[in-house]
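Structure, as structure tokens:
Below, all heavy atoms of this structure are taken into account, side chains as well, without hydrogens, waters or symmetry copies.
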Amino acid sequence: MIVTNEMLEDYVIFPDFLREFKISMTAKLIYSVIMTEAMKGKMTDEQGRLYTEISAEKLAGQIGKPKSSVNMHLRTLSDVGLIERKPQTTRIYPKKPVSGEKKSI
């Protein structure tokens, strides 16, 4: 079977390196949604960094969790260095860890 982009539209990318992070599965799911949205949107900033525009409300709707929970997990992802958020916007930059880097909160 040949896998096409259309077949993958309903899936979320779960990077292998997330298994090494000692963060909740909800945080891992949120990171995966952010990464998938960024890869689908293919938006880059003036420095060539991949990002997505997604609100906490939209993330909450996609994963079935309250906005307050999503905001808490976004802070965790930021604290461990997996995302960077641009203040006063919905712009989120997914980041990949440096090789061998494992963090927990």
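Looking at Phe21 and Leu77, their side chains never come closer than 4.5 Å, going by heavy atoms from C-beta outward. Counting heavy atoms from C-beta on, the side chains of Leu74 and Ile92 come closer than 4.5 Å. Taking the side chain as every heavy atom from C-beta outward, Ile30 and Ile83 never approach each other to under 4.5 Å.
What you find for Lys40 and Tyr11 is that their closest heavy atoms are NZ-O, 4.2 Å. The minimum heavy-atom distance between Val70 and Ala60, with the atom names listed, is CG2-CA, 3.6 Å. What you find for Gln62 and Ile54 is that their closest heavy atoms are OE1-CD1, 3.8 Å.
With sequence neighbours excluded, the residues satisfying side-chain contact (heavy atoms from CB on, under 4.5 Å) with Lys86 are Thr89, Arg91. Residues passing the side chain to side chain donor-acceptor pair (under 3.5 Å) test with Thr90 are Glu53, sequence neighbours excluded. Annotation: side-chain contact (heavy atoms from CB on, under 4.5 Å) contacts of Met39 (sequence neighbours excluded): Ile13, Met35, Leu50. Among residues two or more places apart in sequence or in another chain, the side chain to side chain donor-acceptor pair (under 3.5 Å) test is passed with Ser24 by His73. Residues satisfying the salt bridge (Lys or Arg N to Asp or Glu O under 4.0 Å) criterion with Arg49, sequence neighbours excluded, are Asp45, Glu84. Here Lys67 pairs with Glu57 under the salt bridge (Lys or Arg N to Asp or Glu O under 4.0 Å) rule; sequence neighbours left out. Looking at residues two or more places apart in sequence or on another chain, you find a side-chain contact (heavy atoms from CB on, under 4.5 Å) between Pro66 and Ser68, Ser69. Under the rule for a side-chain contact (heavy atoms from CB on, under 4.5 Å), the partners of Leu29 that lie at least two apart in sequence or sit in another chain are Val33, Ile63.
Separating the NZ atom in Lys95 from the OH atom in Tyr31 is a distance of 10.0 Å, to the nearest 0.5 Å. The distance from the CD1 atom of Ile34 to the CD atom of Glu37 is 9.5 Å, given to the nearest 0.5 Å. One finds the CG atom of Leu82 at 10.5 Å from the OG1 atom of Thr76 (value rounded to the nearest 0.5 Å).
Residue Leu18 is grouped with residue Val12 when hydrophobic side chains (ILVMFWY) are merged at heavy-atom distances under 4.5 angstrom, including chains of intermediate members.
At most 12 heavy atoms of other shown residues, nucleotides or ligands fall within 6.0 angstrom of atom NZ in Lys65.
Using cut-offs of 30° and 60° for the angle between ring planes, the Tyr93 and Tyr51 rings count as tilted.
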